[in-house]
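If you read the sequence from its start, that first residue is 1, and numbering goes on from there. Whatever order the structure lists ligands and atoms in, that order sets their numbers, starting from 1.
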Amino acid sequence: MYKRILLTGAAGMLGTYLRPHLHKRWPLRSMDVKPVEKPMKGEEVVVADVADRPAVFKAVKGCDAVLHFGAISIEGEFDQILQSNILGTYNVFEGARRARAKRVIFASSNHAIGYYPRERKIDSDAQPRPDTYYGVSKAFGEALGSMYWSKYGIEHASLRIGTARPEPVDRRGLSTWQSFPDLLQLICRCLEAQRLGFAVVYGQSNNDRAWWDNSKVAYLGYKPKDNAEKFAEKIWAGTKDDDPNDPAVKFMGGIFCTKNPPKWQG
Ligand code: 15L
């Protein structure tokens, strides 16, 4: 179905998990600013920064789908976020248009909607309420994807990924967790679905305590198999009582909603 797929952020935690699984299905071109470890047979590797426009345009050439995961993945100084996440995302979408790619799957984040209170249930139509410059950059990517779909017909999914890790690490993660196999399934559904159009999808497992509703994008056929609840006892015992007035507890984005979110050090 695809000649070749470009994966940006290929040397990151998620990219490293995804590479072998994706490459089994489609020829892969893996790009990262860091060297990509142990390239597989037939996998093409590009070492380049997403902020480097000519390099990105070159990397997308010959690819008919793009998985854009290359970015600063937490809060940073505005100028750092501007380069990697805002200009970088523009470069990827514009490169995809020039290369006539059919689909772009964008790793957005729950931090695009981080300031929704946890008692709300929100769906794909929820407007951005970013909790950081990082979250703002993800809202920007979603808006850009919407524009490239409406104007140029490039199909696009923005994955508002929750907490994609091997296991949830705190109480919030019981709601936000997405297992790696579920993330892979979601990406494959977005690439394989007959119709993608413009989809905003929450990257979450089938968690009992979920805050996010994917019913408006049920046509993608994403059926997560994992559930964070299996970790609930361990997490509950291992973490202390949460203060309900703390913004890190009140809002969906957790610690990113405080004045001191974890910061990228470069
Ligand atoms: C994200 O978007 C971050 O990239 C990741 O480091 C986690 O903090 C995650 O969200 C989360 O909200 O748990």
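- With no hydrogens or angles considered, a side-chain donor-acceptor pair links Ser108 and Glu142 at under 3.5 Å.
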Per-pair distances, 0.1 Å, donor-acceptor, side chain in residues 3-11, under 3.5 Å, sequence neighbours excluded:
from: Arg4; atom 1: NE; to: Glu44; atom 2: OE2; distance (Å): 3.4
from: Arg4; atom 1: NH1; to: Leu28; atom 2: O; distance (Å): 2.8
from: Arg4; atom 1: NH1; to: Gly42; atom 2: O; distance (Å): 3.3
from: Arg4; atom 1: NH2; to: Glu44; atom 2: OE2; distance (Å): 3.4
from: Thr8; atom 1: OG1; to: His68; atom 2: ND1; distance (Å): 2.8
from: Thr8; atom 1: OG1; to: Phe69; atom 2: N; distance (Å): 2.9
from: Thr8; atom 1: OG1; to: Gly70; atom 2: N; distance (Å): 2.9

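- In this view, Lys61 satisfies the side chain to side chain donor-acceptor pair (under 3.5 Å) rule with no residue, not counting sequence neighbours.
- Salt-bridge annotation for Lys102 and Glu155: absent, with no side-chain N of the basic residue lying under 4.0 Å from a carboxylate O of the acidic one.
- For residues 16-26, the side-chain hydrogen bond (donor to acceptor under 3.5 Å, both in side chains) pairs, not counting sequence neighbours, are Arg19-Glu43.
- For a heavy-atom separation below 4.0 Å, the residues in contact with ligand 1 are Ser73, Ile74, Ser109, Asn110, His111, Tyr134, Gly162, Thr163, Arg165, Arg172, Phe256.
- Between Lys234 and Glu167 a salt bridge is recorded (basic side-chain N to carboxylate O distance below 4.0 Å).
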